[in-house]
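Accompanying notes for the structure given below.
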Amino acid sequence: MDLWFESALLEDGWADRVRFRLADGRIEAVEPGVEPDAGDERHFVALPGLPNLHSHAFQRAMAGLAEVRGRADDDFWSWRELMYRFVGRIGPEECEAVAAQAYAEMLEAGFTRVGEFHYLHHAPDGSRYDDVAEMSGRIVAAAESAGIGLTLLPVFYAHGGFGGQPAGAAQARFLNDVEGFAGLVERAKAQLPPDGVIGIAPHSLRAVTPQELRVLLPIADRGPVHIHIAEQMKEVVDCLAWSGKRPVRWLLDEMPVDRRWTLVHATHVEADEVAGIAASGAVAGLCPITEANLGDGLFPAAKFMAQGGMIGVGSDSNVRIDAAEELRLLEYGQRLTRRARNVLAGEDRPATGARLFDAAVKGGARSLGVETGLAAGRPADIVSLNRDDPTYAERKGDALVDSWVFASRAGIDCVWRGGVKRVEGGRHRRRAAIEARYRTALARLMA
Ligand code: NGQ
Ligand code: ZN
């Protein structure tokens, strides 16, 4: 069935009265300025689906459970201990059930593709499952069940700190040597659906040595390379002690960082590092909700974007899954620290929410190795705004996106991914079944 919208944010700007002809999961043709056909489904406003470039789906199961002070100096590292206790309880069924729930919520929020930074590879004691790619298969199954696009980023993890320190017992599930990892990536690639993308994710400079990183890169082929970097000051301090350089500086100097790369967080960066990332074409993978939740710090987004740096957003710990809120918080962090308004608006695009949305669609696509945007030939990944939300009354063009990002509560109506309607009336069409399975998995996890 073809879709008709009162207005649509197309690749080359806003257009009124637009029909999208769909075929094989793609937009076959865009027809602006037309009346709807009798057979067209009619909707309000079309936006392109937003890529979610960084997720650890399993962490959705602990959302809201880490908001209790454990000790006086509660911080990222004590949160990680709690998270590792959860890690030990997640089997294949729990992994799939929790991921499917997270992915259904992502679609409801307007995300149409997820970059799953996947590191729960083995059984809790580190022993291999009969199928070494069992857990990545579960991620693939969860994405299929929810109907979200998947860029799978199998994580390479081998050490517990800079300079090849041994990993701890709680990290046993994550560990591979380079050969084992190459086999895992091969198997994971074979599990993917036709529009799936595979990349690689060396976890962090804490978890991989320079030698390992160099031999890993060819495994990515031309696909995405994602790495956590400079999220916490302890990581910067430890990296300086190990190499004499800050993490991002080290990476830019030692590795062929280019537009295939996503630097997740990159929170603690100095001016030369900001300029270096921007010039490399790598995407800064920002996760504002999680970074606030974990007390990470604030990425200098205004300076970075002013130098042409590409950004995208990720829901990371999935403590709350909300695309509009990621963009809003990204801007609000800048406002609160700079005591100014509309900090991330552009010269060319004064509407802040619309500018951030556009940047995150483009950066997210680069990061996840896909094409997005509403244009002929692109995947039919489309989000429609909810006409019944009074927030949108008398809004047009970029003011609609600003109102979604900054003001709406029930902002989304329908979401299509690969030409199939997955969300209707703000609810995932398979929500009941996915949620029932999630609740059963949680009962087992928490027992
Ligand atoms: C992760 N998450 O891999 O899930 C990490 C925590 C680590 C975030 N950094 C573990 N937000 O970085 O060592
Ligand atoms: Zn992460």
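This one's a predicted model, so the numbers in the text were calculated from it and none came from an experiment. Scope of the values below: all heavy atoms of this structure, side chains included, with no hydrogens, waters or symmetry mates.
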Student check: side-chain heavy atoms of [X] and [Y] closer than 4.5 Å:
X      : Y      : value
Val415 : Ser384 : no
Arg113 : Val197 : yes
Phe111 : Glu105 : no

For this session: Compute whether any side-chain donor of one residue and acceptor of the other, for Ser78 and Glu81, lie under 3.5 angstrom apart.
Result: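 The criterion, which ignores hydrogens and geometry beyond distance, is not satisfied for Glu81 and Ser78.
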Exercise. Which one of Asp238, Asp296, Thr267 satisfies the side-chain hydrogen bond (donor to acceptor under 3.5 Å, both in side chains) criterion with Gln232?
Worked result: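 Only one of Asp238, Asp296, Thr267 forms a side-chain hydrogen bond (donor to acceptor under 3.5 Å, both in side chains) with Gln232, namely Asp296.
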Exercise. Is the backbone of Ser136 close enough, under 3.5 Å, to the side chain of Glu116 for a donor and an acceptor to pair up by distance?
Worked result: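 Answer holds: no.
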Problem set entry | Positive for ring-ring contact (aromatic ring centres under 6.0 Å, His included) with Tyr84, one of Phe174, Tyr119, Trp79, Trp77 |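 Only match with Tyr84 under ring-ring contact (aromatic ring centres under 6.0 Å, His included): Phe174.
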Taking every non-hydrogen atom, the tightest pair across [X] and [Y]:
X      : Y      : answer
Glu11  : Thr372 : OE1-O, 4.0 Å
Leu445 : Arg89  : O-NE, 2.7 Å
Val98  : Tyr438 : CA-CD1, 3.8 Å

Exercise. Are more than 12 heavy atoms from other residues, nucleotides or ligands located less than 6.0 Å from atom CZ of Arg444?
Worked result: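 Yes - once you tally the heavy atoms of other residues, nucleotides and ligands closer than 6.0 Å, there are more than 12.
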For this session: Can you establish whether the number of heavy atoms outside Arg439 located under 6.0 Å from its atom CZ is more than 12?
Result: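 Check fails, neighbour count at 12 or below.
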Using 4.0 Å as the upper bound for N to carboxylate O, is an ion pair formed by [Y] and [X]?
X      : Y      : value
Arg427 : Glu108 : no
Arg187 : Asp131 : yes
Arg409 : Asp389 : no
Arg246 : Asp253 : no

For this session: Decide if the gap between the ring center of Phe58 and the ring center of Phe86 is smaller than 6.0 angstrom.
Result: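 Judged by ring-centre distance (under 6.0 Å), Phe58 and Phe86 do not meet the cut-off.
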For this session: Run through Val215, Leu175, Leu216 and flag the one making a side chain to side chain contact (heavy atoms under 4.5 Å, CB included) with Phe181.
Result: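 By the side chain to side chain contact (heavy atoms under 4.5 Å, CB included) criterion, Phe181 pairs with just one of Val215, Leu175, Leu216: Leu216.
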